[in-house]
Amino acid sequence: MAPTRSTGSLLDKAGHGVKFLGGSILAGVLVAGMALPAVGAFGLTAKDTAESFDNIPDDFKQPPLSQVSMIYDAKGGLIAKVYDRDRTILTAEQMAPVMRQAQVDIEDARFYEHGAIDLKGVLRAVTKNAESGTTAQGASTLTQQYVKNVFVEQAGDDQAAFLEATKKSLGRKIQELKYAIKLEEDLSKDQILTNYLNITFYGHQAYGVEAAANRYFSKSAKDLTVPEAAMLAGLVQNPTAYDPIAHPQAAQTRRNTVINKLLEYKHITPEQAKDALAAPLGIKYSEPQNGCITADKGMGFFCDYVRHVIKQDPAFGATAADRQKLWSQGGLKINTTIDPDKQSAMYNAVTKKVYVTDPVSAAGTMVEPGTGKILAMAQTRPYGLDTSKNQTVLNLNVGASMGGGNGFSPGSTFKPIVAAAALESGIPITQEYPSPYSMEYPKMTTCDGTTHDPQTLTNEAAGEQGPYSLQVAMQKSVNTYFIQLEQQVGLCPVKQMTDKLGLGTLANGTKIQQVASMTLGTQEVSPLQMATAYAAFAARGLYCSPIAINSVTGGDGKEIHVPGANCNQAMSQTTADGINTLLLGVTEKGTASALGLDDGRQIAGKTGTTDNRYAAWFTGYTPNLATSVWLGGVGGNVSMRKVRIGGHYFDAVYGSDGPGPIWQKAMNDALDGSPATGFQKVDIPQPTQPPATPNPGDSPSTPSGDNAQGGGNGWPTGGGNGGAVNGGFTLPPNVIGGNTGKPGRH
């Protein structure tokens with residue numbers, strides 16, 4: 001319905017025409033009207049208020065309103081709404097006409113007739129206040145109320161600024177008056193009303209009429225009925241006193257007052273008024289849904305990862321303050337890389353194979369080779385703050401800087417990295433070494449010289465003695481073979497390969513150390529890092545840094561540049577083909593031979609187990625999907641011996657029988673129905689020794705047998721930031737149970 005307008009009286013026209021001519025005199029009158037008898041008490045005169053009025057700057061800045069950001073999956077499904085303030089900005093056409101009229105009729109019925117200042121209202125207020133000796137009667141126009149709301153919006157969560165914006169002072173009132181005059185010069189009445197309906201607070205965390213309609217009636221503002229619009233319009237005066245949830249009778253009484261105003265000003269018919277007054281409140285309340293905690297299918301952790309990306313990547317602002325402002329301002333439409341089907345597959349696997357009440361947890365990440373897109377990210381423990389329900393906000397799939405911890409020792413899943421450095425440096429894929437059961441670390445060459453750690457290491461079983469070729473050593477995961485291979489290639493090329501594959505910086509943010517135990521995976525990384533590194537093998541050597549966001553649209557509707565995957569050829573295709581061939585051998589004849597997929601497609605991968613079974617891994621892939629799964633104690637101090645996990649008892653957990661079946665279930669579901677593709681393989685002459693027979697698992701990275709404490713006797717680790725607990729997961733600083741910044745031992 002169109003708003004009723006009038007040509008107005010002389011007083012009305014004066015209100016329209018007033019600017020600074022006569023503004024000082026008017027200011028004095030208005031102050032008197034708003035605050036009688038306070039003017040006399042403060043000793044203020046019209047001259048005082050005129051000077052204050054004239055000294056106020058003319059530039060009234062209307063800030064962009066904080067509103068809801070929406071995070072979507074790769075298929076357009078909503079993952080979560082996040083906001084500092086629950087608000088969705090609408091145009092006038094997106095609001096029900098009766099909602100607009102109801103707000104005017106109850107708050108400023110002459111809004112379309114007067115200017116920025118309602119002189120009739122002022123004189124009425126002066127008379128009423130003089131008669132009562134109080135300041136009970138005000139005369140603020142809707143435009144003035146909008147100005148006040150702008151100041152409140154600018155204050156945000158700053159309590160001092162909020163109190164300043166809402167205090168009842170003569171200076172504040174004069175400032176609001178001048179800015180109201182300026183607004184009425186710059187904007188139409190309809191636009192001022194639209195802005196007001198978008199900015200004002202309706203209670204229950206609902207800012208603006210769209211959020212209010214959704215909160216109380218579970219519908220859009222464009223679909224509001226007469227009684228619904230009347231209830232919302234009546235809320236604005238006092239959202240607490242007229243709260244329909246806490247005080248339904250007061251809310252209904254106030255609603256009926258608004259309905260009668262609509263009838264009085266002939267904006268609804270008597271029949272409409274009768275029906276509206278007879279209608280129940282009809283509340284269909286929707287709880288505020290804010291933040292990653294509302295995401296389902298375990299997507300809360302990925303949602304939180306997206307938040308960290310936006311707050312940290314320079315693509316979203318040159319400074320941390322700029323990026324925080326972008327996030328807090330909201331209005332973003334964030335389209336992510338997460339595939340809802342693969343996410344479901346990963347989430348189901350980690351939650352059904354490992355129970356939330358088990359002493360250990362599992363985490364898994366899926367990455368698309370050749371693009372770096374994160375397709376799934378899930379873990380056993382749910383996202384949240386209620387520890388009694390085993391909830392956590394610590395993302396076990398990522399490093400400390402992105403909302404995770406300080407990582408996990410990857411064990412033997414690191415051996416293919418050393419093999420890639422060796423093949424890339426020219427060592428043949430048929431290379432053999434004596435590979436005794438036990439040996440001391442040999443002297444190693446680093447980028448800066450040499451190093452020697454006189455520690456002894458062993459293979460998993462006493463009968464595991466060479467000579468072995470690279471192919472069989474990979475299948476059996478022979479520790480002493482890879483120490484000899486690492487010695488020949490040198491620690492510097494291995495370190496350079498870790499840099500190329502995103503492993504040069506550990507999960508705790510420190511640089512990887514050039515130590516002999518590198519090949520045994522003693523330094524702590526995240527499942528996301530391992531999945532991304534193995535994705536490079538699948539993509540024939542093309543490494544792409546992980547990305548979580550496909551596109552972002554700002555609150556102004558403009559596209560925001562998002563960070564790319566920065567793909568680079570980390571190794572030759574021949575080297576990658578060689579690694580793929582070796583890791584195919586692991587799944588066909590080696591430690592992962594029991595992990596084949598239901599459709600029989602080719603898979604490649606590597607198992608890994610750390611000291612004392614504190615962590616176990618399987619990282620495997622097809623040409624189009626790489627997945628890394630970790631299993632262990634969240635604090636890193638649970639030895640997975642004689643333990644029950646997911647209802648099954650384990651004498652000792654290996655990479656093949658702990659995380660391996662989780663990987664297998666996730667991949668079976670994720671790849672179901674998709675076309676199978678094979679790897680480019682290289683020809684490897686048969687070794688001189690007998691073919692490998694599968695082990696139950698991997699060779700833990702122990703310096704002197706499987707029962708040795710991880711990192712004991714000065715065992716070098718990546719825990720330079722401290723807080724490591726027995727060779728497993730470590731918590732970042734400033735997190736309950738996190739490290740203290742002091743060096744720790746595994």
Side-chain angles (χ1 to χ4, degrees), residues 312-314 365 367 369-372 374 398-402 404 406-427 444-451 482 485-547 563-576 578-580 583 606 608 619 621 626 628 716-721:
Q312 293 184 33
D313 198 295
T365 295
V367 172
T371 69
I374 302 171
V398 303
S401 68
M402 301 301 289
N406 288 345
F408 310 91
S409 301
S412 293
T413 59
F414 204 84
K415 288 172 180 173
I417 312 301
V418 177
L423 296 184
E424 192 74 353
S425 67
I427 295 175
M444 300 273 184
T445 302
T446 70
C447 295
D448 302 315
T450 60
T451 184
F482 281 93
L485 178 64
E486 185 182 51
Q487 180 194 30
Q488 182 174 349
V489 68
L491 291 174
C492 190
V494 174
K495 191 267 181 188
Q496 291 168 346
M497 184 57 70
T498 66
D499 289 341
K500 293 177 182 177
L501 293 176
L503 297 166
T505 298
L506 302 173
N508 66 4
T510 64
K511 297 297 183 183
I512 196 167
Q513 299 177 38
Q514 296 178 60
V515 291
S517 62
M518 283 176 74
T519 191
L520 304 180
T522 57
Q523 302 184 64
E524 296 157 334
V525 295
S526 69
L528 174 59
Q529 285 178 286
M530 293 305 295
T532 309
Y534 274 54
F537 298 148
R540 301 191 71 198
L542 183 68
Y543 173 81
C544 299
S545 58
I547 57 172
N566 299 318
C567 299
N568 293 289
Q569 198 70 30
M571 66 195 77
S572 70
Q573 290 187 347
T574 301
T575 292
I579 297 298
N580 293 335
L583 297 185
K606 185 72 184 72
T619 302
Y621 55 97
S628 184
T717 74
N721 211 20

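Residues forming a side-chain hydrogen bond (donor to acceptor under 3.5 Å, both in side chains) with Gln569 (at least two apart in sequence, or on another chain): none. When the side-chain hydrogen bond (donor to acceptor under 3.5 Å, both in side chains) test is applied to Gln573, the partners found at least two apart in sequence or on another chain are Arg540. The side-chain contact (heavy atoms from CB on, under 4.5 Å) search around Glu424 returns Met497, Met571, Ser572, Thr575, not counting sequence neighbours. With sequence neighbours excluded, the residues that form a salt bridge (charged side-chain N to carboxylate O under 4.0 Å, His left out) with Lys495 are Asp499. By the side-chain hydrogen bond (donor to acceptor under 3.5 Å, both in side chains) test, Tyr621 pairs with Asn580, sequence neighbours left out. Residues passing the side-chain contact (heavy atoms from CB on, under 4.5 Å) test with Thr505 are Lys511, sequence neighbours excluded. Residues that satisfy the side-chain hydrogen bond (donor to acceptor under 3.5 Å, both in side chains) test with Glu486, not counting sequence neighbours, are absent from this structure. Residues that satisfy the ring-ring contact (aromatic ring centres under 6.0 Å, His included) test with Phe414, not counting sequence neighbours, are absent from this structure.
A distance-only check finds a donor-acceptor pair linking the side chain of Ser409 to the backbone of Thr522 [under 3.5 Å]. Side-chain atoms of Tyr534 never come within 3.5 Å of backbone atoms of Gln529 as a donor-acceptor pair (strictly under, hydrogens ignored). A donor-acceptor pair under 3.5 Å is absent between the side-chain atoms of Asn568 and the main chain of Ala570, judged by distance alone. Side-chain atoms of Thr446 come within 3.5 Å of backbone N or O of Gly449 as a donor-acceptor pair.
Residues Leu491 and Met518 meet the side-chain proximity criterion, which asks for heavy atoms closer than 4.5 Å. Under the 4.5 Å side-chain criterion, counting only non-hydrogen atoms from C-beta, Met530 is in contact with Leu503. Side chains of Val494 and Val489 form a contact here, defined as non-hydrogen atoms less than 4.5 Å apart. No side-chain heavy atom of Leu520 sits under 4.5 Å from any side-chain heavy atom of Ser412. The shortest distance between side-chain heavy atoms of Ile547 and Ile374 does not fall below 4.5 Å. The side-chain heavy atoms of Met444 and Thr451, taken from C-beta on, include a pair separated by under 4.5 Å. In this structure, the side chains of Val367 and Leu528 come closer than 4.5 Å at one or more pairs of heavy atoms. Here the side chains of Lys415 and Phe482 are in contact, with some heavy-atom distance below 4.5 Å.
Heavy atoms only, all atoms of each residue included: Ala531 and Ala626 are closest at O-CB, 3.6 Å. Of all non-hydrogen atoms in Pro369 and Ala535, the two that sit nearest each other are CB-O, 3.5 Å. Nearest heavy atoms, Gly608 versus Thr413: N-CG2, 3.7 Å.
Taken from OG1 in Thr498 to CD1 in Ile512, the straight-line distance is 4.5 Å, to the nearest 0.5 Å. If you take OG1 on Thr619 and CZ on Phe537, they are separated by 10.0 Å, rounding to the nearest 0.5 Å. Atom-to-atom distance recorded for Leu583:CG and Lys606:NZ is 8.5 Å, nearest 0.5 angstrom.
A donor-acceptor contact closer than 3.5 angstrom links the side chains of Asn508 and Thr510.
Residue pairs that meet the disulfide bond (SG atoms under 2.5 Å apart) test with at least one member in residues 488-544, sequence neighbours left out, are Cys447-Cys492, Cys544-Cys567.
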